[in-house]
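Since we're looking at a predicted model, the values are computed, not measured.
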Amino acid sequence: MASLLSSVRVGLCANLKAESRSFATATAQLIVEVKNEETHGYTALQIGCSDRSEKNVAKPLLGQFMKAGVNPKRKLYEFHVTPDAVLPVGTELVASHFVPGQYVDCSAPTIGKGFQGAMKRHGFGGQPASHGTSVTHRSLGSVGQRKDPGRVFKGKKMAGRMGGDQATAQSLKIMKIDNELNLIYVNGSVPGVDDQYVKVQDAVKKRGDKIAPADVLPLPLPTVDPNLVKVMPRQLVAKTGGSDPYVVKE
């Protein structure tokens with residue numbers, strides 16, 4: 001795996017075709033630690049993003065940042081990579097680490113809804129709207145049996161806490177990359193609320209030459225050249241067969 005990034009969800013926008021688009025910004029992030037087969041038993045990169053004050057960091061974690069020679073980070077993510085995709089500690093990752101047209105998976109906690117009833121949480125139909133129903137229109141209904149087995153089975157769909165669970169939106173296509181604002185535009189829904197940290201990596205269901213269009217393969221490995229980013233145009237747009245959907249027509 002070569003493409004990985006942690007980002008912050010900014011919000012939603014819509015193009016002229018009324019298709020929803022989510023976009024996330026890749027904050028300033030660095031490689032904090034490299035894990036290898038000899039020491040840890042697997043190969044991975046630990047990425048930190050968003051600086052934070054030293055007084056708000058636990059001493060063991062602060063020692064890890066000092067050893068890496070980087071500022072304390074607010075969020076840490078670990079990505080398993082292949083040995084040829086290992087980057088040195090302190091390497092900065094930017095939005096152009098990905099390419100337009102590439103497919104990615106975005107993971108983040110979903111929006112928390114609090115304690116909800118069975119109708120909202122599981123889509124139950126509720127009780128009859130009339131004909132004797134009183135006060136219990138949105139109630140769950142029967143949950144048990146008779147004397148045998150005399151209990152409620154584990155896993156029964158009932159009212160309870162809804163949302164706030166880790167979710168992954170798979171195979172989202174990158175439509176545009178803004179190098180100046182460090183923005184990644186993807187086609188589809190990104191889990192979580194605005195300002196939510198999002199884990200972005202290669203789509204697991206798109207392997208080989210299906211991960212991106214043929215004209216951008218092979219993908220930059222292990223990451224894009226910083227000198228190349230300086231000469232890139234501000235916006236890199238995926239080929240969609242038409243005009244840029246994010247540009248408003250006059």
Any side-chain heavy-atom pair from [X] and [Y] closer than 4.5 angstrom?
X	Y	result
Q102	D202	yes
V86	L45	yes
V216	P100	no
F65	E54	no
M232	V224	yes
L87	L93	yes
V89	V34	yes
I31	P88	no

So how far is it from [X] [atom1] to [Y] [atom2], rounded to the nearest 0.5 Å?
X	Y	atom1	atom2	answer
R161	K113	CZ	NZ	12.5 Å
Q64	E33	CD	CD	5.0 Å
E38	H40	CD	NE2	10.5 Å

More than 12 foreign heavy atoms under 6.0 Å from NZ of K156: is that the case here?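 More than 12 heavy atoms, drawn from other residues, nucleotides or ligands, come within 6.0 Å of this atom.
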Do other residues, nucleotides or ligands put more than 12 heavy atoms under 6.0 Å from N227 CG?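 Atom CG in N227 is packed in, count exceeds 12.
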Quick check against the 3.5 Å criterion: does [X] have a side-chain atom that pairs as donor or acceptor with the backbone of [Y]?
X	Y	value
N71	R52	no
T168	C106	no
D105	Q201	no

Are T39 and N36 linked by a side-chain donor-acceptor pair shorter than 3.5 Å?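 Result is yes, a qualifying pair exists.
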Can you get from [X] to [Y] by hopping between Ile, Leu, Val, Met, Phe, Trp and Tyr side chains that sit under 4.5 Å apart?
X	Y	answer
V229	I174	yes
V143	F153	no
F79	Y42	no
V70	L61	yes

Could you tell me if K205 sits above the aromatic ring of Y103, with its cationic atom closer than 6.0 Å to the ring centre and no more than 45 degrees from the axis?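 Judged by the rule (NZ or CZ under 6.0 Å from the ring centre, within 45° of its axis), K205 is not positioned above Y103.
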Going through the checks in order, is the salt bridge (charged side-chain N to carboxylate O under 4.0 Å, His left out) test met by D51 and R74? CA-CA 6 Å; D51 292 340; R74 187 172 300 275; over 6 Å; no
